*Asks:* 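Sharing a structure with you now.
Worth saying up front: this structure is predicted, and the values here are computed from it rather than measured. In what follows, every heavy atom counts, from backbone to side chain, and hydrogens, waters and symmetry copies are set aside.
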Amino acid sequence: QVQLVESGGGLVQPGGSQELACVASGSTFTIFTMAWYRQAPEKPRELVATITSGGVTNYADSVKGRFTISRDNTKNAMYLQMNDLSPDDTAVYYCNARLVFESSYYKLYDYWGQGTQVTVSS
């Protein structure tokens with residue numbers, strides 16, 4: 001019923017910047033919290049940043065001060081601006097959205113995007 005599509009991944013040089021985007025589409029819905037996760041090979045998935053429908057943000061200590069999460073509720077889109085990237089940031093980045101549908105506003109659902117690869121290397 002809902003699809004989340006990430007974009008913006010690719011090869012980035014250390015110290016460089018990159019912006020990821022996630023766009024939600026499908027049935028009529030209202031998104032509450034959105035988040036970016038990432039998972040590197042042989043490492044557990046970690047939460048990178050979250051943003052509420054009101055724009056309140058939280059960041060993992062590893063990215064705080066370097067990454068900025070934002071959203072455009074009108075477009076059902078979320079973004080992750082990544083600055084001062086290092087090889088430790090190399091991972092598949094996943095978009096997550098917690099939402100409700102118009103048909104059942106009080107039932108919360110959790111949707112995930114397919115992921116986009118970010119590789120930081122010289």
Side-chain angles (χ1 to χ4, degrees):
Q1 293 179 298
V2 175
Q3 290 186 333
L4 302 179
V5 180
E6 301 101 332
S7 62
L11 179 63
V12 188
Q13 294 185 350
S17 298
Q18 189 84 353
E19 185 177 66
L20 306 181
C22 172
V23 179
S25 62
S27 302
T28 301
F29 53 80
T30 299
I31 301 177
F32 290 152
T33 301
M34 299 187 78
W36 287 100
Y37 290 79
R38 68 184 182 185
Q39 186 167 22
E42 307 298 327
K43 293 185 177 180
R45 184 186 67 180
E46 68 171 331
L47 178 63
V48 177
T50 63
I51 183 167
T52 70
S53 59
V56 178
T57 61
N58 282 287
Y59 298 90
D61 290 339
S62 59
V63 306
K64 190 175 182 62
R66 299 188 297 118
F67 290 11
T68 301
I69 188 172
S70 62
R71 64 190 289 174
D72 185 334
N73 293 333
T74 301
K75 299 179 179 180
N76 287 323
M78 177 179 63
Y79 310 92
L80 184 68
Q81 178 64 49
M82 305 181 292
N83 299 322
D84 194 23
L85 288 164
S86 75
D88 290 339
D89 296 314
T90 297
V92 177
Y93 285 72
Y94 295 94
C95 171
N96 170 265
R98 292 193 168 187
L99 54 86
V100 296
F101 293 103
E102 181 180 331
S103 59
S104 56
Y105 197 82
Y106 293 97
K107 188 174 183 179
L108 188 65
Y109 289 83
D110 210 348
Y111 282 86
W112 295 85
Q114 82 288 347
T116 184
Q117 176 72 48
V118 175
T119 302
V120 184
S121 176
S122 60

*Asks:* Quick one: OG1 on Thr33 to CD1 on Ile51, what's the gap to the nearest 0.5 Å?
*Replies:* 9.5 Å
*Asks:* Tell me whether Val120 shares a hydrophobic cluster with Tyr37, the cluster being built from Ile, Leu, Val, Met, Phe, Trp, Tyr side chains joined at under 4.5 Å.
*Replies:* no
*Asks:* With sequence neighbours excluded, give me every side chain to side chain donor-acceptor pair (under 3.5 Å) pair touching residues 4-23.
*Replies:* Glu6-Gln114, Ser17-Asn83
*Asks:* If the condition is side chain to side chain contact (heavy atoms under 4.5 Å, CB included), which residues does Val92 pass it with, not counting sequence neighbours?
*Replies:* Tyr94, Gln117
*Asks:* Applying salt bridge (charged side-chain N to carboxylate O under 4.0 Å, His left out), which residue pairs with at least one partner in residues 101-112 are found, sequence neighbours left out?
*Replies:* Arg98-Asp110
*Asks:* Enter the distance from Ser121:OG to Leu85:CG here, rounded to the nearest 0.5 Å.
*Replies:* 12.0 Å
*Asks:* Hey, any chance Met78 and Tyr109 share a hydrophobic cluster, counting ILVMFWY side chains that come within less than 4.5 Å of each other, even indirectly?
*Replies:* yes
*Asks:* Give every residue pair that meets the side chain to side chain donor-acceptor pair (under 3.5 Å) criterion with at least one member in residues 65-77, sequence neighbours excluded.
*Replies:* Arg66-Asp89, Arg71-Asn73
*Asks:* Listed by chain and number, what are the side chain to side chain contact (heavy atoms under 4.5 Å, CB included) partners of Ser25, not counting sequence neighbours?
*Replies:* Gln3
*Asks:* Show me the pairs that pass disulfide bond (SG atoms under 2.5 Å apart) and involve residues 91-122, at least two apart or across chains.
*Replies:* Cys22-Cys95
*Asks:* Mind jotting down which residue pairs meet the side chain to side chain donor-acceptor pair (under 3.5 Å) criterion with at least one end in residues 40-58? Sequence neighbours excluded, please.
*Replies:* Arg38-Glu46
*Asks:* Would you mind listing every disulfide bond (SG atoms under 2.5 Å apart) that reaches into residues 37-79, with sequence neighbours excluded?
*Replies:* none
*Asks:* Is there a path from Met34 to Val23 through hydrophobic residues (I, L, V, M, F, W, Y) whose side chains come within less than 4.5 Å of each other?
*Replies:* no
*Asks:* Which pairs count as ring pair (Phe, Tyr, Trp, His ring centres under 6.0 Å) when at least one residue sits in residues 59-84, sequence neighbours excluded?
*Replies:* none
*Asks:* Give the C-alpha distance, both sets of side-chain angles, the deciding distance and a yes or no for side-chain contact (heavy atoms from CB on, under 4.5 Å) between Gln1 and Phe29.
*Replies:* CA-CA 10 Å; Gln1 293 179 298; Phe29 53 80; over 6 Å; no
*Asks:* Going by side chain to side chain contact (heavy atoms under 4.5 Å, CB included), name the residues that satisfy it together with Tyr105, two or more places apart in sequence or in a different chain.
*Replies:* Thr30, Phe32, Val100
*Asks:* Scan for disulfide bond (SG atoms under 2.5 Å apart) pairs involving residues 28-94, sequence neighbours excluded, and state none if there are none.
*Replies:* none
*Asks:* In Å and rounded to the nearest 0.5 Å, what is the CG to CD1 distance from Asn96 to Ile31?
*Replies:* 10.0 Å
*Asks:* Which pairs with one or both residues in residues 52-85 pass disulfide bond (SG atoms under 2.5 Å apart), sequence neighbours excluded?
*Replies:* none
